[in-house]
**Q** 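There's a structure below that I have some questions on.
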Amino acid sequence: MTEKYKKKDIVYLEVLRIAAIIGVLFNHTNRSGFFLFAETANKADYVVSLVLSVLCKMSVPLFFMISGFLLLGKKETFSEVMKKRVVRYGLVIVLAVLLTYTLTALYRKESFSVRELVKTVYRGDIGTYWFLYAYLGLMLMLPFLRGIAGILSKTTMYYLVLLRILCKGILPAAIFVLLGYDMSPALYILLLEDSLFYFLTGYYFGTADNPLNPGKVRAACWCLSGVSVAVSCFMTYYEYRVTGNYTENFLDNFLPVVCITLFCTMRHCFGRIKIPDRIKKVILFLGDKTFGIYLLEPVFRLYFSGLWKQLTDNLSPLSASLVWCLLLFGVGVLVVWLLKCIPVVRKLI
């Protein structure tokens, strides 16, 4: 997520980062934005919020794909992996949790407890930081994953994608429609888990011949992506009709198609258009701040809660959520830019 590629002309990765972090911010707007469809009686708000909720679920997969592309092809010794990846992200986790825990305790006027801090770091009780732990797990497995990436072929990758859609998308939806229940199957396939699956697909679709270069293939994939989003929305609504409750169970079941299509389309488009240098610099500047925004977002959400209340009091819920995301992104860019002026911090984020 934070690895800076040495070739500065891969602008599409930064565009994907920017879109992904805004999606993360929207994902944390809860029932005023992300889960508005479970609350609103307005049909237009219902449809728009449900579609946005499905789309914002692409954020973390896109971050995994970007990281897989950037890291799996690198040549590093075991020692370099431990020092540059594992130790670094372990330190990021500790410092991020320490900062968030301390500022939260100050804001709520609670006592600081070292015991609670250690427990929070160990268990990952800061909910929005789960990605850091998943990412650290990937870094610990990086020497093995590079071996797997080295033997990926078109056949094995497409088989993996189809297996993911079948086991994580079609089968759960079919079982729910036919039998009326949702539960995890006994069958467990490690490579189908989000972090590993998107890490490997990002590397493959970022380095292999772009399968979306033919226009007809690209159009077909986007049509299939639209169907995937529609099915995710329908299954979320259908589950509510059956159970009386809205959940996130089906929001991301069919997203591999959408994520891969978006990733390959951006690669195709930015490989063929000339981006003016000024615009490129702006994109690279903003993309470079996304990881810091992710780390600071829980603190922003807490300390700017008054602004959030003002927005929700004066705007419609969906409008308030979208404005909130843009404001938080802008503030985050400024704060992270200032923090990156500190050499030690710049090396971490």
Side-chain angles (χ1 to χ4, degrees), residues 20 22-64 123-131 133-134 163-190 192-198 224-259 294 297-298 301 308 312 316-318 320-322 324-325:
I22 293 176
V24 169
L25 297 177
F26 183 79
N27 191 36
H28 296 158
T29 55
N30 300 320
R31 292 183 177 269
S32 293
F34 170 70
F35 228 60
L36 176 63
F37 59 85
E39 301 287 328
T40 185
N42 184 294
K43 292 183 179 180
D45 282 351
Y46 179 90
V47 173
V48 173
S49 65
L50 182 53
V51 171
L52 288 178
S53 296
V54 171
L55 294 178
C56 83
K57 281 294 184 180
M58 291 196 300
S59 300
V60 170
L62 287 175
F63 280 132
F64 280 132
R123 295 179 56 186
D125 287 339
I126 303 293
T128 58
Y129 285 164
W130 69 267
F131 174 84
Y133 291 84
L163 199 61
R164 164 72 187 230
I165 295 171
L166 175 64
C167 294
K168 295 279 190 176
I170 295 174
L171 280 179
I175 291 295
F176 188 83
V177 170
L178 295 175
L179 302 178
Y181 59 78
D182 174 61
M183 61 177 63
S184 299
L187 181 65
Y188 178 78
I189 305 175
L190 182 61
L192 299 187
E193 295 306 300
D194 280 0
S195 57
L196 283 171
F197 174 79
Y198 287 111
L224 190 57
S225 296
V227 172
S228 299
V229 173
V231 172
S232 297
C233 292
F234 170 76
M235 286 305 303
T236 300
Y237 171 74
Y238 181 77
E239 184 188 28
Y240 164 72
R241 297 294 296 177
V242 172
T243 65
N245 296 307
Y246 279 107
T247 72
E248 298 180 33
N249 291 337
F250 292 103
L251 287 181
D252 59 353
N253 283 33
F254 297 92
L255 283 185
V257 176
V258 191
C259 290
Y294 166 76
E297 187 264 345
R301 192 156 19 102
W308 171 244
T312 54
S316 66
L318 194 56
S321 297
L322 295 175
W324 168 258
C325 293

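Source: prediction; values computed, not measured. Here, residue 1 is the first one in the sequence, and each next residue gets the next number.
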**Q** Below 30° counts as parallel, above 60° as perpendicular, anything between as tilted: where do the rings of Y238 and F234 land?
**A**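 The rings of Y238 and F234 lie parallel, inter-plane angle below 30°.
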**Q** For S232 versus F254, what's the shortest heavy-atom pair and its separation?
**A**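 Closest heavy-atom pair between S232 and F254: OG-CD1, 3.7 Å.
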**Q** Are there over 12 heavy-atom neighbours, none belonging to Y46, within less than 6.0 Å of that residue's OH?
**A** yes
**Q** With rounding to the nearest 0.5 Å, note down the distance linking OH in Y246 to CZ in R241.
**A** 8.5 Å
**Q** Got a second to check how far C259's SG is from K57's NZ, nearest 0.5 Å?
**A**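 If I round to the nearest 0.5 Å, the distance is 12.0 Å.
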**Q** P256 and F197: which non-hydrogen atoms are nearest, and at how many Å?
**A**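 Scanning both residues, the minimum pair turns out to be CB-CE2, 3.9 Å.
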**Q** If I compare all heavy atoms of Y294 with all of Y129, which pair ends up nearest, and what's the gap?
**A**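 Closest pair (atom of Y294, atom of Y129, distance): OH-CA, 3.2 Å.
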**Q** Among L52, L50, D45, which one satisfies side chain to side chain contact (heavy atoms under 4.5 Å, CB included) with V48?
**A**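 Result: among L52, L50, D45, L52 is the only option passing the side chain to side chain contact (heavy atoms under 4.5 Å, CB included) with V48.
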**Q** Just how far is it from atom SG of C56 to atom CG of L255, taken to the nearest 0.5 Å?
**A**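 If we round to the nearest 0.5 Å, C56:SG and L255:CG are 9.5 Å apart.
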**Q** How long is the span from the OG1 atom in T29 to the CZ atom in R301, to the nearest 0.5 Å?
**A**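 So the OG1 of T29 and the CZ of R301 are separated by 9.5 Å.
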**Q** Roughly how far, to the nearest 0.5 Å, is NE2 of H28 from OG1 of T128?
**A**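 The distance works out to 5.5 Å.
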**Q** Indicate the atoms forming the closest heavy-atom contact of V229 with V51, along with that distance.
**A**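 The answer is CG1-CG1, 4.4 Å.
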**Q** Kindly compute the distance separating OG1 (T243) from CG (N249), expressed to the nearest 0.5 Å.
**A** 8.5 Å
**Q** Under a 3.5 Å distance rule, please check whether S53 uses its side chain to pair with a backbone N or O of F34 as donor and acceptor.
**A**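 Judged by distance alone, yes, a pair lies under 3.5 Å.
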**Q** With a sphere of 6.0 Å drawn around OH of Y133, does it hold more than 12 non-hydrogen atoms of other residues, nucleotides or ligands?
**A** yes
**Q** By the side-chain hydrogen bond (donor to acceptor under 3.5 Å, both in side chains) test, which pairs, at least two apart or in different chains, include something from residues 33-44?
**A** R31-E39
**Q** So, for I189 and C167, which heavy atoms are closest and what is the spacing to 0.1 Å?
**A**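 So the minimum-distance heavy-atom pair works out to CD1-SG, 4.3 Å.
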**Q** Between F131 and F64, does the ring centre distance come in under 6.0 Å?
**A** yes
**Q** Donor-acceptor pair, distance only, cut-off 3.5 Å: does the side chain of S32 make one with the backbone of S321?
**A**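 Not a single qualifying donor-acceptor pair exists.
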**Q** Provide the closest heavy-atom pair for L192 versus R164 in the form atom of the first, atom of the second, distance.
**A** O-NH1, 2.6 Å
